[in-house]
Amino acid sequence: MKTVLAFDLGATSARGIVYSIKNKRLVEHAVYRFTDYQLIDQQTKEIRWNIDKIIQEIQRIIGIANTNYPIQSIGFDSWGCDFGLLNASGELIQQPLCYQTMMQEQNQHYGQDLPDYFRMRTGISNASINTSSQLLYLKDHYPELLKEAESLLMIPDLIHYLLVGAKLSESSIASTSQLFDLKKQYWAVDLIEELGISPTLFSTIVLPYTQIGMITVGEKNIPIHSVMSHDTASAIYALPTNETAHYFLSSGTWSILGQKTEPGLLLQHTLQETYSYEQSGDGKLLKLKNLLGMWFIEEALQSINKKKSISIEEIQQLLENVSPVPFFFDTEDPQFLGKGTFLSSLKSYGDTRQFPSLESAESLFLTIYQNLACKYAQVFRSLMGKQTQPIFLFGGGSKSQFLTQLTADLTHCPVTVCDSESSALGNAFAQFFALKELRTREDLVKIITRYHPSKVYLPQSNQAFEQLYQQYQKFIESNYIKGGKNT
C-alpha cells in the first residue's frame with residue numbers, strides 16, 4: 001500500500017488530503033482546509049499572498065498527516081501566473097503579488113501592448129494577470145526589488161524551495177507565465193530579455209514525477225515530488241477517461257473551459273487569440289478559455305449574507321421551475337471584475353439598459369447562472385463545431401445542479417460530474433506514478449471510476465432557455481465589438 005499527501009492551493013482556500021491505494025482501491029483522508037492567506041495593503045490597495053502563513057499551515061498539516069498516516073510522498077499544486085522573488089541570500093524579497101491586484105482597473109493595461117509573437121510563441125494571450133504583465137508592473141513600481149532579485153519561482157516551485165531548498169520549475173505551471181516557449185518546452189529567453197528582465201532569474205524546467213527533495217519530519221525523510229503543479233492540469237489528469245482528446249469545464253472561482261489533446265493536433269494550426277495553450281504535464285496540450293465563474297456567485301453571496309444567510313443548496317431550491325430573466329451581461333467585461341463592486345456595477349449596468357430589477361436573491365442568482373451557462377455554451381460550441389461531445393465537469397461549481405443541467409441543455413452535450421477535489425486527486429495520482437504504484441492510464445481510470453462513480457446530466461429540451469441563449473448571442477454580437485466594449 002502506498003500513501004501520499006496532496007496539497008491543493010486555490011485562490012480562496014487550500015487543503016491537504018491524504019490518499020492511499022489499497023487492494024486497487026483509493027482511500028481518502030482529509031487533514032484540514034485553511035483560508036485567509038491574502039494580505040491587502042490599505043495604502044497601495046495591492047493584494048498579496050501571505051506565503052509565511054501558507055508555509056506555516058503546510059508544515060502543520062505535514063506534521064499531523066505524518067503522525068497519523070505512513071506518508072511516502074508529498075506534492076503541491078496551485079493557481080497559475082503568480083510568483084515569488086528571491087535575493088542572492090535565498091530570502092524572499094517581499095510577499096508574492098496576487099493576480100487580483102492586476103485585475104484592478106488601474107492595472108489592467110499591463111501587458112496589453114506586448115507584440116503578438118508573445119502569444120504565438122507561448123500560447124498565452126495578453127492579460128494583466130500574466131507573469132509577464134506582473135513583471136512589467138514590478139518594473140514600474142518596485143524596480144529596486146527586481147535589481148535585487150536572483151531567482152523567480154512560481155508559487156508551487158516557491159513552496160518547494162521554502163521547504164527543501166530546491167530551485168526548480170515544473171512545466172505545467174511554467175507554461176501559464178507567457179514566458180514559456182510552447183514548442184521548445186523551455187523558457188523563451190529572448191522574450192524575457194525583451195521585457196528587460198534577466199533570464200537568469202528563471203530555473204531549470206522539470207517534468208511531473210521528478211523528486212524535488214526530501215523534507216525531514218521528526219526522524220523521517222519524506223520525498224517531495226513534482227506533480228502537475230498547475231491545479232487545472234492536475235484536475236484534468238484525474239478525469240475518468242482514456243480518450244486521447246476530451247473536453248472539460250473546471251468550475252471554481254475561475255471557470256476554465258477547454259480541450260485536452262495531442263500537441264501536434266493543436267500546434268499544426270494557427271493558435272487562436274481567444275484561447276490559452278498550456279502544458280498538461282503528461283505530454284498533452286491544453287487549449288483553454290479562462291473566465292471568472294463562481295467568483296460572481298461568491299461576490300453575490302458576500303453581499304446577501306450581510307442581511308440574510310443563504311447557502312448554495314438553498315439557492316438551488318430557489319431556482320426550481322424558474323423562467324429566464326431577460327438580463328444579459330458578458331462575464332468577460334472588465335467593468336464587472338472589481339472585487340466588492342460587482343453588484344453595484346451590475347445594478348448600474350442593468351438600469352442603463354432598462355433590464356429587470358434584480359431585487360430578489362432568486363432573480364440575482366438566476367441572472368448570474370444563466371449568463372454563465374450562455375457563455376459556456378458559446379465557448380463549447382466554438383470549440384466543438386457541429387460535434388456534440390461529453391463534457392467533464394469538476395470543481396466546487398458542480399454543486400449547482402441548476403447550472404450543470406442548464407449547461408448540458410444549452411451545449412446539447414452530456415455533462416459528467418467528476419470528483420469536486422479533482423486537482424488534489426490528480427496531484428495524488430501523479431505521486432502514485434512517481435512511486436510506481438500506478439503504471440498506466442488505464443489503471444488510473446479503473447481506480448477513479450471505482451472511487452467516484454460519475455453522475456451524468458443529459459441535455460434536455462429547454463425551449464425557454466434556448467430562446468434566451470439566442471437572445472444572449474444577439475446581445476453580445478450587437479453590444480461588443482472586436483478590440484473593445486461598445487457600451
Side-chain angles (χ1 to χ4, degrees), residues 10-12 38-41 44-49 78-85 94-143 145-146 152 154-155 173-180 188 191-192 194-197 230-232 252-257 271-278 288-293 295-296 298-299 329-342 345 375 480 482-485 487:
T12 54
Q38 288 186 345
L39 300 169
I40 301 177
D41 188 314
T44 65
K45 303 305 179 185
E46 289 177 341
I47 304 170
R48 293 184 174 274
W49 297 109
S78 84
W79 64 93
C81 298
D82 294 351
F83 58 89
L85 294 172
Q94 63 175 199
Q95 299 288 1
L97 197 66
C98 172
Y99 66 85
Q100 291 172 0
T101 300
M102 306 305 298
M103 292 168 61
Q104 295 168 0
E105 186 176 357
Q106 68 271 23
N107 297 329
Q108 289 177 9
H109 65 281
Y110 281 99
Q112 298 298 339
D113 296 330
L114 289 176
D116 194 50
Y117 50 77
F118 271 74
R119 177 183 67 83
M120 295 302 295
R121 289 274 301 284
T122 67
I124 307 295
S125 296
N126 291 348
S128 62
I129 65 172
N130 292 340
T131 306
S132 52
S133 302
Q134 293 190 40
L135 285 168
L136 293 174
Y137 175 89
L138 292 179
K139 280 184 68 177
D140 275 0
H141 293 81
Y142 302 97
L145 297 186
L146 279 176
L152 180 153
M154 307 297 280
I155 293 298
I173 199 74
S175 72
T176 69
S177 65
Q178 205 193 28
L179 296 171
F180 181 91
L191 300 185
I192 294 169
E194 188 166 337
L195 295 180
I197 303 297
H230 187 204
D231 51 11
T232 302
T253 299
W254 287 83
S255 291
I256 304 176
L257 301 75
L271 302 185
Q272 293 176 263
E273 186 175 358
T274 54
Y275 292 95
S276 294
Y277 298 78
E278 298 175 10
L288 306 172
K289 181 76 170 177
N290 294 273
L291 308 164
L292 277 175
W295 181 84
F296 295 106
E298 292 162 8
E299 287 288 300
F329 73 97
D330 188 346
T331 56
E332 293 186 87
D333 192 330
Q335 69 180 296
F336 301 119
L337 306 187
K339 191 173 180 63
T341 63
F342 165 60
S345 297
K375 175 63 75 172
Y480 295 84
K482 187 174 181 181
K485 302 288 185 289
T487 55

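We number each residue from 1, following the sequence as shown. Note that the structure is a prediction, hence the values are computed from the model and not measured.
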**Prompt:** Are any non-hydrogen side-chain atoms of Thr176 and Trp79 less than 4.5 angstrom apart?
**Reply:** no

**Partner of Asn290 by side chain to side chain contact (heavy atoms under 4.5 Å, CB included), out of Ser255, Ser276, Cys81** = Ser276

**Prompt:** Short question: side chain of Lys375, backbone of Gly293 - any donor-acceptor pair under 3.5 Å?
**Reply:** no

**Prompt:** Roughly how far, to the nearest 0.5 Å, is the CG atom of Leu195 from the CZ atom of Phe118?
**Reply:** 4.5 Å

**Sidechain-backbone polar pair: Asn107 side chain, Met102 backbone, donor-acceptor under 3.5 Å** = no

**Message:** Using 0.5 Å steps for rounding, measure from the OG1 atom of Thr131 to the CE atom of Met154.
**Reply:** 3.5 Å

**Prompt:** Taking all non-hydrogen atoms of both residues, which atom of Arg119 and which atom of Leu271 are closest, and how far apart?
**Reply:** NH1-O, 2.7 Å

**Message:** What's the separation between atom CG in Leu146 and atom CG in Leu135, rounded to the nearest 0.5 Å?
**Reply:** 6.5 Å

**Request:** Give a yes or no on whether the backbone of Asp41 and the side-chain of Glu46 come within a donor-acceptor separation of less than 3.5 Å.
**Result:** no

**Prompt:** Once the angle between the rings of Tyr110 and Tyr137 is folded into 0 to 90°, is it parallel (under 30°), tilted (30 to 60°) or perpendicular (over 60°)?
**Reply:** perpendicular

**Item:** Within-4.5 Å side-chain heavy-atom neighbours: Phe180 and Thr122
**Value:** no

**Prompt:** Can you check whether Leu179 reaches Ile197 side chain to side chain, under 4.5 Å on heavy atoms?
**Reply:** no

**Message:** When you measure from the side chain of Gln108 to the backbone of Met103, do you find a donor-acceptor pair of N or O atoms at a distance under 3.5 Å?
**Reply:** yes

**Message:** Are the side chains of Ile124 and Glu278 in contact, using a 4.5 Å heavy-atom criterion?
**Reply:** yes

**Asked** Between Gln100, Gln94, Gln95, which is the residue that forms a side-chain hydrogen bond (donor to acceptor under 3.5 Å, both in side chains) with Arg48?
**Response** Gln94

**Item:** Gln272: side chain to side chain donor-acceptor pair (under 3.5 Å) partners, not counting sequence neighbours
**Value:** Lys287

**Distance, nearest 0.5 Å, that separates CG of Leu288 from CD1 of Ile256** = 6.5 Å

**Message:** Side chains of Trp254 and Leu292, heavy atoms from C-beta outward: is any pair under 4.5 Å?
**Reply:** yes

**Request:** Check whether more than 12 heavy atoms from other residues, nucleotides or ligands sit under 6.0 Å from atom CG of Asp140, and answer yes or no.
**Result:** yes

**Message:** How close do Ser133 and Ser128 get, counting heavy atoms only, and between which atoms?
**Reply:** CB-O, 3.2 Å

**Message:** Does the plane of the ring in Phe336 sit parallel, tilted or perpendicular to the ring in Phe329? Use 30° and 60° as the thresholds.
**Reply:** perpendicular

**Message:** The criterion is side-chain contact (heavy atoms from CB on, under 4.5 Å); which residues satisfy it with Ile40, sequence neighbours excluded?
**Reply:** Gln42, Ile47

**Asked** Taking atom CD of Glu194 as the centre, does the number of heavy atoms from other residues, nucleotides or ligands within less than 6.0 Å exceed 12?
**Response** yes

**Prompt:** Side chain of Asn130, backbone of Ser132: donor and acceptor closer than 3.5 Å?
**Reply:** no

**Asked** So do the side chains of Thr101 and Thr44 get within less than 4.5 Å of each other, counting heavy atoms only?
**Response** no

**Request:** Dump the intermediate steps for side-chain contact (heavy atoms from CB on, under 4.5 Å) on Ile173 and Ile155, then the final yes or no.
**Result:** CA-CA 9 Å; Ile173 199 74; Ile155 293 298; over 6 Å; no

**Euclidean distance, Ser177 OG relative to Asp82 CG, rounded to 0.5 Å** = 12.0 Å

**Message:** So which atom in Tyr99 and which in Ile129 form the shortest heavy-atom distance, rounded to 0.1 Å?
**Reply:** O-CG2, 3.7 Å

